[in-house]
Every structure is written in C-alpha cells, then in structure tokens.
Amino acid sequence: MCYSAFSGFDHIASGSLPETYAACRHIPGALIFDRATGRVIDIDPRFPPSEEAPRPGRPRLGVTAREVTLLPRHWDWLATQPGGASVALRKLVEEASRNPRAQQRARRDAAYRFATAIVGNAPGYEEAVRALYAGQAEEFAAHIEAWPADVRHALEEMTEGAF
C-alpha cells in the first residue's frame with residue numbers, strides 16, 4: 001500500500017505507512033492519506049506504525065464476522081453453493097471488485113475524498129468533481145490546473161485509469 005503525507009498543500013513524503021509517518025510525525029497539522037482510498041489515516045502517536053517482519057506460521061487472514069440480511073430465497077440459493085454461504089459470498093465480492101467499472105469508480109471515489117480533504121474550498125472544486133464523475137478527463141484537468149502543484153500531481157496519479 002502507498003501512503004502520502006501532506007502539510008497544507010505541500011507533499012511531504014510517500015511510501016509505506018511507517019515511512020510516511022516517520023517523515024511527518026513532527027510536522028503539526030500533517031495529514032496522511034491512503035492513496036488507494038483517498039481516506040485520511042488517523043494514527044495514535046502512542047502506537048506508531050512499524051514495519052513488521054513476517055512471522056513463521058499461518059498468516060492472518062483478517063476475517064471479520066458481520067451480519068448479512070438476505071431474503072429466504074437468497075439464503076436457499078447460498079445453501080446450495082459449494083463451500084456454503086461464506087465461500088459463495090466471497091467469490092461474488094471478488095468477482096464484482098475485479099470489474100473494471102468498479103475499479104474506475106473506486107479511483108474516482110479516492111480522488112474525490114483526497115480533493116475534498118485538501119482543496120475542498122478551492123476555486124473550481126465543484127466543477128472538477130462534476131467532471132471527475134462525468135468521466136471528462138480534459139475538463140477535470142482544466143479545473144485542477146490552478147491548484148497547487150503537489151495536489152494536482154497527486155490527483156493526476158490517483159485518477160490514472162479513472163476516465
């Protein structure tokens with residue numbers, strides 16, 4: 001995963017979370033962004049991220065149990081699937097997430113979150129967002145042209161493949 005730190009409109013560092021955090025931990029007001037999602041990463045300074053070496057044994061899968069509400073006919077269909085409901089749902093989710101349109105939407109959403117946090121009140125922001133979601137690459141580029149160079153560069157990288 002790639003993360004980027006910004007202080008105001010200035011790019012500080014990019015890289016793994018521990019590297020990025022180390023580069024900006026002493027800069028007040030610095031924000032760390034997950035480049036894949038555009039979300040701000042909140043880090044408790046008492047527990048800074050660290051590079052963990054792989055441990056022997058089975059890797060953690062990160063399985064999370066949550067509630068799923070379906071109609072009875074959906075449960076009936078899932079019960080007939082090889083491996084049961086969990087396997088069938090995981091396969092459906094994986095297949096849907098590999099869809100190019102879903103990936104394109106995810107890139108646009110990430111760029112939107114990043115832009116909102118950094119330049120949400122900049123001139124041309126609303127027009128840029130409209131162009132982003134309308135799939136108008138040239139319009140989007142024109143609206144972000146006047147924005148700070150580091151922000152513009154990050155948005156250009158984040159929107160590769162989004163149009």
Side-chain angles (χ1 to χ4, degrees), residues 1-6 11-25 30-120 125-126 128-137 139-141 144 151 153-163:
M1 292 194 142
C2 185
Y3 299 87
S4 291
F6 279 80
H11 178 256
I12 300 168
S14 288
S16 69
L17 187 56
E19 293 169 343
T20 306
Y21 176 73
C24 72
R25 70 175 171 228
L31 296 175
I32 299 175
F33 293 91
D34 179 339
R35 294 293 288 263
T37 65
R39 287 180 165 67
V40 175
I41 304 297
D42 189 23
I43 297 175
D44 186 339
R46 299 174 298 169
F47 308 105
S50 63
E51 298 283 353
E52 290 189 21
R55 298 182 206 150
R58 245 179 116 176
R60 287 186 178 169
L61 296 177
V63 175
T64 304
R66 294 199 181 153
E67 181 180 339
V68 175
T69 305
L70 299 172
L71 294 171
R73 69 175 182 266
H74 299 144
W75 285 115
D76 292 341
W77 180 84
L78 284 170
T80 64
Q81 301 305 304
S86 293
V87 171
L89 287 171
R90 281 195 296 271
K91 286 180 181 179
L92 288 170
V93 169
E94 285 298 320
E95 184 180 320
S97 66
R98 288 189 189 115
N99 182 327
R101 294 185 124 201
Q103 293 174 353
Q104 189 178 52
R105 176 66 184 214
R107 287 185 182 101
R108 289 177 183 176
D109 289 347
Y112 166 75
R113 286 185 202 102
F114 173 76
T116 300
I118 293 286
V119 289
Y125 166 79
E126 290 179 12
V129 170
R130 282 190 203 102
L132 174 67
Y133 281 105
Q136 300 168 338
E139 285 289 317
F140 177 74
I144 67 170
V151 174
H153 180 68
L155 282 168
E156 288 167 352
E157 286 180 356
M158 292 175 79
T159 57
E160 284 180 21
F163 297 103

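Computation of the quantities below employed the complete heavy-atom set of this structure, encompassing side-chain atoms and omitting hydrogens, waters and symmetry-equivalent molecules.
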### Task
Using the test side-chain contact (heavy atoms from CB on, under 4.5 Å), find all partners of E19 that sit at least two apart in sequence or belong to another chain.
S16, E51
### Message
Return the OG to CD distance between S4 and E157, rounded to the nearest 0.5 Å.
### Response
7.5 Å
### Summary
Of all heavy-atom pairs linking E156 and I144, the shortest is CG-CD1, 4.3 Å
### Query
In chain order, what residues pass the side-chain contact (heavy atoms from CB on, under 4.5 Å) check against A36, with sequence neighbours excluded?
D34
### Message
Is there a side-chain contact between P45 and Y21 in this structure, where contact means two heavy atoms from C-beta onward sitting under 4.5 Å apart?
### Response
yes
#### Entry: Evaluation steps, salt bridge (charged side-chain N to carboxylate O under 4.0 Å, His left out), between R98 and E94
CA-CA 6 Å; R98 288 189 189 115; E94 285 298 320; 3.5 Å; yes
### Minimum-distance pair of heavy atoms, taken over all atoms of A102 and A96
CB-O, 3.5 Å
### Query
salt bridge (charged side-chain N to carboxylate O under 4.0 Å, His left out) with E160: which residues, sequence neighbours excluded?
none
#### Entry: Pairs satisfying side-chain hydrogen bond (donor to acceptor under 3.5 Å, both in side chains), at least one member in residues 99-111, at least two apart
R105-D109, D109-Y133
### E126/R130 salt bridge by N-O under 4.0 Å criterion
yes
Enumerate, atom names and distances included, each donor-acceptor pair closer than 3.5 Å involving a side-chain atom of residues 65-72, sequence neighbours excluded.
none

## Note on the structure
Note: P82 and V87 closest approach over all heavy atoms is O-CG1, 3.9 Å
### Query
Under the ring-ring contact (aromatic ring centres under 6.0 Å, His included) rule, what pairs show up with a residue in residues 64-117, not counting sequence neighbours?
F6-F114, F33-F114
### Option among I12, D42, T20 that satisfies the side-chain contact (heavy atoms from CB on, under 4.5 Å) test with I32
T20
#### Entry: A13 versus H11, closest heavy-atom pair with distance
O-NE2, 3.3 Å
### Query
Quick one: do E95 and K91 make a salt bridge, cutoff under 4.0 Å?
no
### Query
For the residue pair A131 and F163, what are the closest heavy atoms and their distance?
O-CE2, 4.0 Å
### Heavy-atom check, side chain of L17 versus side chain of I43, under 4.5 Å
yes
### Least distance between heavy atoms, L155 atom then A111 atom
CD2-O, 3.6 Å
